[in-house]
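Heads up: the structure comes next, in structure tokens.
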Amino acid sequence: MNRFLWRIARVCCLLLLAIIALLLHVRSQGGTINLCKPRVVYSTGLDLDGWWMPHYAWRSSCVHTLDEFDVDLFAVNQSHVSTGSACHPGQHHVLSAICRRDSVRATYQYLPIDENAVDEQAEFSALVLVSELQEIGGVPKGAQLSSIVHVVDDAYDRNQGQSQPLSSPSVTLNATLASSNTWESLSASVSMSHAKRSRPGKHRVTGIVIMLVCGGFDGVVHFADISLRGSSRLPASRSSLCRARKKVNPTPLVTDMILEPMPETESQVSRFPFAVVTHASADRLDTLERLAATWHGPLSLVVFLPCCTDRAVLRAYARKRLREVVQGSSMRLWTVTLAYEQDATEQQAYPINALRNLAAAHSPLPYVLHIDADFAPGPASEDMLNLLWPHLQPHTALVVPAFEIDASAAMPKSKEELLAMVAAGDASPFRVKQSPLMHAATNYTHWGLATQPYSITFQDKYEPYYIVHRDGPVFEESFRGYGSNKAAHALELFAAGFTFTVAPSWWLVHRAHAPSRAATGFVHNAHARLATRIQRFELVVELLRKYHLHQCA
């Protein structure tokens, strides 16, 4: 009997050791779960679980077999937007987009990584197919597309802007495909430890961003079975996700106030419920002419002096040029501040959000309307101002709808005249063709009929112009140059519980012009886009932690 019991005990011990060895092997090898979420993120901007798209909506679909996937369904317009729900188990998830030769189309997924998983490795894979590939000049052209997997660490100096390289390395899978019905595979290994070793000092790996991108051709691209397989230890725990991140201090601005309202104008300033605040570089002061012609109230302007120039000469030029551009008495209510960065380099991007914050700080009134210098407000009558005054509240963003008019068109003098221009095709909601989601939440159709301010529901990617109290959340100064700088502020207002209300009888006008060099470079540079999207995802994580939302509640 004792020998029998001893044998049973021995077998049990061996089984236990085998189970432990198997668990250790699985843990060390990883590849146990797919970290990617097979859903598309719509609705609010505070959702990290799925594929996120800036302004162009990819098509999401589910099929039982890839053989039944009908590429012809995606060769037409993409006005349909799926619900964003995940596919059923056993189904294939396909993301599709119409690609253009003159721009980059991309979708992204951010995966928060546990700070202790620095020695882990993950395997990325996807299937890709191209259809409806168009010839260029009668010559067949291969479709250029990429999958970029980037490991994010907390050493990323976001204050350097888009002109600087990403801090940790990216795994880029490029493919040149012909139009066919054959799915091609992409795969690569992603190492957390390699990313950590690429940066000196003690830095935490905080996440992985997957970017699917196409551009440089006219056609349709389809990605299927997108997977990043890794150990179950990789996803961030609540404590890791919601822990305070290292904050990079923004580069301080050196300022010199060259103009402020005279004491005798105090009664004039107080007649206005808010001040307009804006910014411009020293070489673009001409853009202020239309603003000065339509806005005769208090204004706070910051003029940025770029590096590597004689600032004394620029200072004198700014004074002289401002008085030439802005004729009449309106400057009596202006505050003008010169600003520059002490140790700036030519590679650093324009510090747009730092300038916005500085302009608001120097405003003579607590409520401020943030606009860009090439916008002009509509006529501001006393009745219109009185209508807005009761709706200025500390936790309200009062949206002023923005329109774009032809370069040769006259400025509309009334709402009726503006609506007539829209009906005639001489005006349209700002950037409605290039980025339809940028101002969609404003609901321009409702605005055309509105006589009283109305509330709206915040939508992801919304970046309106609005009047807010300057003591509210400030603009995130790590955003520099082109891309997401204003949308980041609207996103924080939403996270902070602000309501968005639309002014019914006032508007802003922007004259159409050729895209700036910064905008053109951003549109065609996938890595510049990726750098900005990383900022956006890291900001979302910070807002979840700061306002105790969702996973960090």
Side-chain angles (χ1 to χ4, degrees), residues 44-45 269-279 291 294-300 333 353 356-357 359-361 363-373 375-403 412 414-415 418-419 429-430 437-475 485-510:
T44 75
V269 170
S270 63
R271 290 177 49 245
F272 290 84
F274 58 87
V276 170
V277 297
T278 190
H279 55 90
L291 172 60
T294 57
W295 176 250
H296 304 293
L299 180 142
S300 176
L333 305 183
N353 278 357
R356 285 172 170 150
N357 289 336
S363 166
L365 294 172
Y367 284 95
V368 294
L369 168 60
H370 287 277
I371 65 173
D372 295 324
F375 278 78
S381 67
E382 187 172 346
D383 289 341
M384 184 278 297
L385 295 176
N386 289 335
L387 179 64
L388 297 182
W389 211 307
H391 297 275
L392 299 180
Q393 302 294 330
H395 286 87
T396 296
L398 187 59
V399 175
V400 182
F403 290 84
S414 66
K415 180 175 179 176
L418 174 60
L419 293 176
F430 182 58
L437 298 180
M438 181 185 289
H439 293 270
T442 299
N443 193 344
Y444 284 84
T445 301
H446 185 87
W447 183 83
L449 303 172
T451 58
Q452 295 293 322
Y454 59 95
S455 297
I456 56 174
T457 301
F458 179 85
Q459 298 176 2
D460 191 14
K461 311 169 192 72
Y462 190 38
E463 45 181 299
Y465 295 92
Y466 39 61
I467 305 168
V468 290
H469 199 288
R470 64 183 173 193
D471 289 342
V474 298
F475 284 79
N485 46 72
K486 187 155 54 68
H489 188 250
L491 188 60
E492 177 156 8
L493 295 185
F494 169 69
F498 275 59
T499 58
F500 290 79
T501 302
V502 181
S505 303
W506 204 38
W507 62 91
L508 301 173
V509 169
H510 177 268

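Not measured: the values here are computed from a predicted model.
- By the side chain to side chain donor-acceptor pair (under 3.5 Å) test, Ser300 is found to be paired with no residue, residues two or more places apart in sequence or in another chain being considered.
- By the 4.5 Å heavy-atom criterion applied to side chains, Pro379 and Trp295 are not counted as neighbours.
- Every residue two or more places apart in sequence or in another chain that forms a ring pair (Phe, Tyr, Trp, His ring centres under 6.0 Å) with Tyr367 is listed here: His469.
- Pro273 pairs by the side-chain contact (heavy atoms from CB on, under 4.5 Å) definition with Leu385, Trp389, Leu392, not counting sequence neighbours.
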If you look only at distance, which donor and acceptor atoms sit under 3.5 Å apart when one is on a side chain in residues 395-402 and the other is two or more places apart or in another chain?
unit_1 : atom_1 : unit_2 : atom_2 : d
Thr396 : OG1    : Thr499 : OG1    : 3.2

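- Scanning for ring pair (Phe, Tyr, Trp, His ring centres under 6.0 Å) contacts around Phe375 gives Phe430, Tyr465, His510, with sequence neighbours left out.
- A distance-only check finds a donor-acceptor pair linking the side chain of Arg470 to the backbone of Ser363 [under 3.5 Å].
- Shown here for Ala360 and His370, the closest heavy-atom pair between the two residues is CB-CE1, 3.9 Å.
- The shortest side-chain heavy-atom distance between Pro429 and Thr442 does not fall under the 4.5 Å cut-off.
- Residues satisfying the side-chain contact (heavy atoms from CB on, under 4.5 Å) criterion with Pro364, sequence neighbours excluded, are Val269, Ala275, Pro298, Thr335.
- Within the structure, every pair that satisfies the salt bridge (charged side-chain N to carboxylate O under 4.0 Å, His left out) test and touches residues 492-503, not counting sequence neighbours, is listed here: Glu492-Lys546.
- Note: Phe458 and Phe494 have parallel aromatic rings, judged against thresholds of 30 and 60 degrees for the angle between ring planes.
- Here the closest heavy-atom approach between residue His391 and residue Pro453 is recorded as NE2-CG, 3.2 Å.
- Note that CG of Leu369 and CG of Leu508 are 6.0 Å apart. Values are rounded to the nearest 0.5 Å.
- With sequence neighbours excluded, the residues that form a ring pair (Phe, Tyr, Trp, His ring centres under 6.0 Å) with Tyr466 are His489.
- Proximity of a side-chain donor or acceptor of Trp506 to a complementary backbone N or O of Gly378 within less than 3.5 Å is detected.
- Of all heavy-atom pairs spanning Gln459 and Ala440, the tightest one is OE1-CB, 4.1 Å.
- Contact check for Leu387 versus Pro504: side-chain heavy atoms found under the 4.5 Å cut-off.
- Shortest non-hydrogen contact noted between Leu365 and Phe272 is CD1-O, 3.3 Å.
- Residues Val368 and Phe274 approach most closely at N-CB, 4.3 Å, considering heavy atoms.
- Residues passing the ring pair (Phe, Tyr, Trp, His ring centres under 6.0 Å) test with Trp447, sequence neighbours excluded: Phe403.
- Qualifying side-chain contact (heavy atoms from CB on, under 4.5 Å) partners for Ser455, counting only residues two or more places apart in sequence or in other chains: Thr501.
- One finds the CZ atom of Phe498 at 11.0 Å from the CD atom of Gln393 (value rounded to the nearest 0.5 Å).
- Leu299 places a side-chain heavy atom less than 4.5 Å from the side chain of Leu291.
- For the pair Val502/Asn443, no side-chain contact is recorded, criterion being any heavy-atom separation below 4.5 Å from C-beta on.
- The two residues His279 and Asp372 have their closest heavy-atom pair at NE2-OD1, 3.4 Å.
- Residues Asp471 and Pro366 have side chains not in contact (no heavy-atom distance under 4.5 Å, counting atoms from C-beta outward).
- Taking Ala495 as the reference, Leu46, Leu543, Tyr547, Leu549 meet the side-chain contact (heavy atoms from CB on, under 4.5 Å) condition, with sequence neighbours excluded.
- When atom types are taken as modelled, the side chain of Asn353 and the backbone of Phe475 share no donor-acceptor pair closer than 3.5 angstrom.
- With sequence neighbours excluded, the residues satisfying salt bridge (Lys or Arg N to Asp or Glu O under 4.0 Å) with Lys486 are Glu463.
- Distance check: Tyr462 OH to Ile456 CD1 gives 3.5 Å after rounding to the nearest 0.5 Å.
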